Amino acid sequence: MPQEDKVKKVKVKKTKAAVLSDDLSSGDTHLEFKKVKAETSEKAQQKQKGTKQHKVKSPKKERTDFEIADDKRLKQEASDGDFMPEKKGKKRKRKLESVEGPSSSSAPSLPKKKKKSPQEAEGCSGLEKKKRKSEAKNKKVKKEEKEERPVTAKKKTKEEIEAARALKIKKKEEEEQQRWRWWEEEKYEDGVKWRFLEHKGPYFPPEYQPLPDNVKFYYDGKPVKLSLAAEEAALFFAQMLDHEYTTKDVFRDNFFKDWRKEMTLEERMLITDLNKCDFGELHAMHKEKVEARKNMSKEDKLVIKQANQKILEEYGYCMLDHHRERIGNFKIEPPALFRGRGEHPKQGMLKKRIQPEDVIINCSRDSRIPEPPAGHSWKEVRHDNTVTWLASWTENVQGSCKYIMLNANSKLKGEKDWEKYEVARKLKTCVNAIRAQYQEDLKSKHMGTRQRAVALYFIDKLALRAGNEKEEGETADTVGCCSLRVEHITLHDTLDGEKCVVEFDFLGKDCIRYYNKVPVSKRVFKNLKLFMQNKQDGDDLFDRLNTAMLNKHLSSLMPGLTAKVFRTYNASMTLQQQLKELSNSSDNPAEKLLSYNRANRAVAVLCNHQRAPPKTFEQSMANLQAKIVSRKEQLALAKKELKQAKKEAKRSSDSKLLVVVEKKKKAVQRSEEQLLRMEVQATDREENKQIALSTSKLNYLDPRISVAWCKNMEVPLDKIYNKTQRDKFAWAIDMTERNFLF
DNA sequence: TTGGTTACTTAGAAGGCTCCCG
DNA sequence: CGGGAGCCTTCTAAGTAACCAA
């Protein structure tokens, strides 16, 4: 078997030392500056899709999302200045928000704390707020009714239905009332994350249950009773036998090596070849268990559910500054075989069971310190209120730290999220200056500066990730902007009728391929040629640059600015722009949603958020098409019947017939609506085949843009955000007015 | 300047759950 | 009323970036 068939070419050692003289006054300093024209980059592969037309409202829809996304964004960039309330006039508008707020009695410090942009600040008078709140409540109630009906089974009596509904509404109200409106509170001084933190500690996975006697592992045809530890590891492997992982050499080798470490001496002597191992019975047992689980009775399922609920109640929450907050991941990761993404050199290694002795607890000194499981003790208990984690441990495969932290709907996460978007919005006010500067820097005498300028150009224009350096052999070979190598780009003087085209092809985070052909300015192009001179495939494209240098530079341009802010900024900008472009308040609800999804999709394309096409995709698409066809037939029939009925009504003037005509009309109308909805759905789904919308929605798009859009378009928010998302974005939902601009 | 450590965000896969349709 | 499609949650890997010490 081809061991490591994909061994990556030798990577240059990552020291970007000063090898070459940094001075390059020679050569091409005479490059002309040419305005970057509106580039229409398109992603090669995915192309044709998205143009699939069916009745779509606006004529501009003829192009792919990619094209739309990209040049919309560029147009936006061009006109960015219009939006800028104050360019470089400094004096950031911290507007000491005396407008509202529970007195600033205790806020001597925090100079840059407590930000409120003008939009937020205005309309925050108590009165306004109250009004808004009650509005929200009303809406909620209405929604509730809608959601309620289908849920309640028909068996129930009317009263029961009523009661259930009332209960649900009440619960909702209570929830709303209990919600911690932290965004209305004063922020803590720098670095302090909490004043009081109490929790029960992490939840440990159940102990390993040894195999029953009738399930045997065989080596070389003979049954072997394994020691507990070895048996557990064997089961991990057996459970994965259906997975492609277990066919990979690296995975198998790593597993075998680590498995042998778990074995007793005798076992190790005996078991020397993975290929002679027969996990068949273990595998079968596992499958049986899965099957049995699936076929469990309703009652049994309920019992399990309730047990889980109980665990959640006990371990899933903590008290943070007098508020009960949900913990995101309160369970310790169970032991397993490591599943790295892509060609990970460590795939298959044994991720060991975590003991309380490995776990550091973080909580308030004056809280009830969590009890370790009986007979155990914690590695350490500390009281550090400058961090947000409740517990941590070091994982053995990569040696990295794992944390237990709060849920996304918590104050700690929400506040950070809000802050992130505020930084991105701040970038808006100085992005023009920064762009002008890097254009200028393309001409710099210093190689390092030029490289920085080109990298920044990519990060800004293509929303590439920063690209930190990685230790070789520890992870899959993936890159970001600063770590691009010569092999990852191809320069084309002309390509498909465009000049100066850069073709990118590399694996990014999670080994997701980034493929894109982008026309760039002549100057950038020439610089790239220069950077690539005398280099080989495996050499760094930006050998004088790393993320630390880049970020240092960025933070000097604007406090808080780092490479990743550009991604947030450009993503949110694109969404706002696309929504404006694509949606009309006169559209019907389905069309509005399609527009929103398209805008969202434009961002996902920009950020290269992909997913494996669902396994059932082709099938379900065919099903949908079939349904559309049959619906069309139905519609034709309905129309025919309507005609017929009209004819008859005319002839006989029997009033009953008129009623029939009305009925038929309704049927036609209904049919048409359903057909439209299906067609829209089909388009949406097709365009979405391998694009993941959720990542951008959750991490890059300022929720206030979406909330404002919903208000303007009169789209119920729950069409856009599900419950979890509404929870996470509660701060934005509460504070956003329809006139919000990112 | 580097190299390790730490803390926190961002990412897609997998599996469970719900709801809808025939 | 059973099965399956798709939405939602959970899981944990894989990034970014700051910090610290030598």
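Below, chains carry the letters A, B, ... as their sequence lines are ordered, and counting in each starts from 1. A quick note: this is a predicted structure, and the numbers were derived from the prediction, not measured.
- Contacts classified as side-chain hydrogen bond (donor to acceptor under 3.5 Å, both in side chains) and involving residues 388-397 of chain A (residues at least two apart or in different chains) are given here: A:E395-A:S400.
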### Test salt bridge (Lys or Arg N to Asp or Glu O under 4.0 Å) applied to A:E299 and A:K305, step by step
CA-CA 10 Å; A:E299 293 75 38; A:K305 202 171 167 186; over 6 Å; no

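- DNA chain B lies under 4.0 Å from at least one heavy atom of each of the following residues of residues 396-407 of chain A: A:Y403, A:M405.
- A:A455 meets the side chain to side chain contact (heavy atoms under 4.5 Å, CB included) test with A:C481, A:F542, A:L545; sequence neighbours excluded.
- Under the salt bridge (charged side-chain N to carboxylate O under 4.0 Å, His left out) criterion, A:E415 pairs with no residue at all, not counting sequence neighbours.
- Rounded to a whole Å, the NZ atom of A:K697 is 17 Å from the C1' atom of B:dT10.
- Following rounding to the nearest Å, A:N546 (CG) and C:dA18 (P) show an atom-to-atom distance of 12 Å.
- Evaluation of the side chain to side chain contact (heavy atoms under 4.5 Å, CB included) rule for A:E244 yields A:T247, A:K248 as partners, not counting sequence neighbours.
- Note on A:T388: only backbone sugar-phosphate atoms sit closer than 4.0 angstrom, heavy atoms only; bases stay farther off.
- If you check every strand for non-hydrogen atoms under 4.0 Å, A:N468 touches a base.
- For the salt bridge (charged side-chain N to carboxylate O under 4.0 Å, His left out) test, no residue two or more places apart in sequence or in another chain qualifies with A:R293.
- Listed by chain and residue number, nothing satisfies the salt bridge (charged side-chain N to carboxylate O under 4.0 Å, His left out) test with A:D321 (two or more places apart in sequence, or in another chain).
- Atom CD in A:E471 sits about 15 Å away from atom C1' in C:dA14, given to the nearest Å.
- Following rounding to the nearest Å, A:K470 (NZ) and C:dA17 (P) show an atom-to-atom distance of 15 Å.
- Under the side-chain hydrogen bond (donor to acceptor under 3.5 Å, both in side chains) criterion, the residue pairs touching residues 330-341 of chain A are A:E333-A:K351, A:E333-A:K402, A:R341-A:D510, with sequence neighbours excluded.
- Summarising the geometry, the separation between CZ on A:R544 and P on B:dT2 is reported as 12 Å, rounded to the nearest angstrom.
- You'll find the side chain of A:L541 stays beyond 4.5 Å of the side chain of A:H488, heavy atoms only.
- Out of C:dC8, B:dC8, C:dT12, the shortest distance to the side chain of A:N722 is found at C:dC8.
- Using a 4.0 Å heavy-atom criterion, one finds that A:T724 contacts the sugar-phosphate atoms exclusively.
- Residue-level contact check: A:K723 touches neither bases nor backbone, having no heavy atom under 4.0 Å from any strand.
- Applying the side chain to side chain contact (heavy atoms under 4.5 Å, CB included) rule to A:K294 yields the partners A:E291; only residues at least two apart in sequence or on another chain are considered.
- Heavy atoms of A:K193 sit under 4.0 angstrom from primed sugar atoms or phosphate atoms, though from no base atom.
- Projected onto DNA chain C by closest heavy-atom contact, A:G508 and A:R326 fall at different nucleotides, the more 5' of which corresponds to A:R326.
- Between A:N362 atom CG and B:dC8 atom C1' the separation is 14 Å, expressed in whole Å.
- None of A:F236, A:F338, A:F255, A:F251 except one satisfies the ring-ring contact (aromatic ring centres under 6.0 Å, His included) rule with A:Y245; the exception is A:F251.
- Under a cut-off of 6.0 angstrom, the local environment of NZ in A:K352 is sparse, with at most 12 non-hydrogen atoms contributed by other residues, nucleotides or ligands.
- Within the nucleic acid shown, A:G328 has no heavy atom closer than 4.0 Å to any nucleic acid atom.
- Within the structure, every pair that satisfies the salt bridge (Lys or Arg N to Asp or Glu O under 4.0 Å) test and touches residues 307-317 of chain A, not counting sequence neighbours, is listed here: A:K200-A:E314, A:E313-A:R324.
- Between C:dG15, C:dA13, C:dA17, one nucleotide has an atom nearer to the side chain of A:N551 than all others, and that is C:dA17.
- Two residues, A:T562 and A:K331, neighbour DNA chain C, and the one matched to the more 5' nucleotide by heavy-atom proximity is A:K331.
- Side-chain proximity of A:K564 to C:dT16, B:dC8, B:dA7: nearest is C:dT16.
- Using a 4.0 Å heavy-atom distance criterion, A:A476 is classed as making no nucleic acid contact.
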Listed pairs, N/O of protein and of nucleotides 19-22 of chain C, under 3.5 Å:
none

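- Which of C:dT12, C:dA18, C:dC11 sits closest to the side chain of A:E333 comes down to C:dT12.
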### Task
Summarise protein proximity over nucleotides 12-18 of chain B in one line of letters, 5' to 3': B for base, S for sugar-phosphate only, - for none, counting protein heavy atoms closer than 4.0 Å.
BSS----

